**Student:** 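This is the structure I want to talk about, given as structure tokens.
Counting convention: from 1, in listed order, for ligands and their atoms alike. In this text the structure is predicted, and so the values were computed from the model without any measurement.
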Amino acid sequence: MSGAPLPGAAPAAGGGARIIDGKAVAAALRAEIARRVAALPFRPGLRVVRVGEDPASVVYVRTKDRAALAAGFDSATLVLPAETSEAELLATVARLNADPAVDGILVQLPLPPQIRSAAVIEAIDPAKDVDGFHPLNAGRLASGRTDGLIPCTPKGVMHLLRHAGVPLAGARALVLGRSQIVGRPMAQLLLAADCTVTIAHSRTRDLPAECRRAEILVVAAGRAEMVRGDWIAPGAAVIDVGMNRLPDGRLTGDVAFAEARAVAGWITPAPGGVGPMTVACLLENTLEAALARRG
Ligand code: GUN
């Protein structure tokens, strides 16, 4: 392939990608949400439910709770034992659905194997579904409506693309990963922003070639440093949703950052890119749910 940049994807001056600082964008969004919350006559209520002690979930849930408290929300975490039955978790969800002080409910995934996550997600009041995973909210998004509760990670990616000034309309976007949490809603949001969208996954033929066609590449594959520098078109925007722990303890994304940075036009680091935006968008969704519920 030629080394010429793709249209609409200008490389950074001086070579190398512009780094999209998710931490800074998230901090600004959180500060704005805190200002809006401080002006309300009530505190939006968030309840995060964790079942068991999955180490990554422990960290994620603590981060979400602290961010919610710092932004002035009425936030609390409910921790249930790993052996909790599906019926017990459904009873907890029903109680939170009925509690008028609760605007947002988040049940952290993954759940232990005896609990069907789909049954739990479908039990959450769609008006309190700040993850945007309920079929009603997912269906709204799939019908092209972007005014409802939208999953936090893809919503955060759209904030980052817009903040960086990446041209969206008409751009060829590829989403690597087809999960309910990231890949599918991500593709819907890019489509709503007038991108030409491809969803690739573990069974896609010649994945590197598919990736090289993309002007916007969103990687949510769940494999450390899977996307190499020669998978990336010169000037492309590369958004790394991955978070993997290497055997030496270091955290890394799904993109080989140093290689990719030399080719891309924009790139998010991992950690410090998409992750902080997921948390900020959870706060944004909780505020939106509170405003919609309380008028
Ligand atoms: N596990 C990993 N990411 C998420 C998320 O965004 N929401 C929930 N509920 N669980 C997760």
Side-chain angles (χ1 to χ4, degrees), residues 22 26 29-30 46-68 75-80 82 84 86 89-90 92-93 96-97 102-113 115-126 128-138 141 148-160 175 177-189 218-223 239-245 251 253-254 268 270-271 273-286 288-289:
L29 181 54
R30 283 170 55 176
L46 173 66
R47 297 295 176 271
V48 179
V49 182
R50 168 163 65 77
V51 184
E53 301 297 325
D54 174 73
S57 292
V58 170
V59 175
Y60 290 144
V61 165
R62 190 193 301 136
T63 304
K64 290 170 182 177
D65 187 46
R66 284 182 183 166
S75 177
T77 302
L78 285 70
V79 179
L80 304 178
T84 299
E86 185 178 297
L89 181 54
L90 290 174
T92 297
V93 168
L96 296 174
N97 283 343
V102 174
D103 297 292
I105 303 168
L106 182 149
V107 178
Q108 185 69 20
L109 304 176
L111 289 167
I115 301 177
R116 295 169 301 157
S117 43
V120 175
I121 288 166
E122 287 177 32
I124 295 172
D125 178 348
K128 298 187 178 188
D129 169 38
V130 286
D131 261 327
F133 295 164
H134 189 284
L136 187 85
N137 290 318
L141 179 58
L149 289 168
I150 288 168
C152 304
T153 298
K155 186 173 181 171
V157 170
M158 295 308 295
H159 272 302
L160 290 179
V175 180
R178 53 178 157 177
S179 72
Q180 178 195 16
I181 295 180
V182 184
R184 288 167 200 260
M186 186 76 252
Q188 297 292 351
L189 286 171
V218 181
V219 186
R223 278 181 55 189
I239 308 292
D240 188 351
V241 181
M243 187 57 62
N244 312 281
R245 196 168 287 283
L251 287 172
D254 292 352
T268 61
V274 174
M277 291 304 295
T278 298
V279 178
C281 288
L282 170 64
L283 305 185
E284 196 176 40
N285 279 354
T286 305
E288 285 171 14

**Student:** So what's ligand 1 close to, N/O to N/O, under 3.5 Å?
**Tutor:**
unit_1: ligand 1; atom_1: 1 (N); unit_2: Q108; atom_2: NE2; d: 3.3
unit_1: ligand 1; atom_1: 1 (N); unit_2: L109; atom_2: O; d: 2.9
unit_1: ligand 1; atom_1: 7 (N); unit_2: D131; atom_2: OD1; d: 3.0
unit_1: ligand 1; atom_1: 7 (N); unit_2: D131; atom_2: OD2; d: 3.4
unit_1: ligand 1; atom_1: 9 (N); unit_2: V107; atom_2: O; d: 2.8
unit_1: ligand 1; atom_1: 9 (N); unit_2: D131; atom_2: OD2; d: 2.6
unit_1: ligand 1; atom_1: 10 (N); unit_2: L109; atom_2: N; d: 3.0

**Student:** Keeping N137 on the side-chain end and P126 on the backbone end, is there a donor-acceptor pair under 3.5 Å?
**Tutor:** yes
**Student:** Using the side-chain contact (heavy atoms from CB on, under 4.5 Å) criterion, which residues pair with A138? Sequence neighbours excluded.
**Tutor:** none
**Student:** With salt bridge (charged side-chain N to carboxylate O under 4.0 Å, His left out) as the rule and sequence neighbours excluded, what pairs involving residues 53-62 come up?
**Tutor:** R50-E53
**Student:** List for me each residue that meets side-chain contact (heavy atoms from CB on, under 4.5 Å) alongside D65, sequence neighbours excluded, and say none if there are none.
**Tutor:** L69, S75, T77
**Student:** Quick one: does any side-chain atom of K128 pair with a main-chain N or O of N97 as donor and acceptor, under 3.5 Å?
**Tutor:** yes
**Student:** For side chain to side chain contact (heavy atoms under 4.5 Å, CB included), just list the numbers for I121 and V107, CA-CA rounded to whole Å, side-chain angles, deciding distance to a tenth of an Å, and then say yes or no.
**Tutor:** CA-CA 8 Å; I121 288 166; V107 178; over 6 Å; no
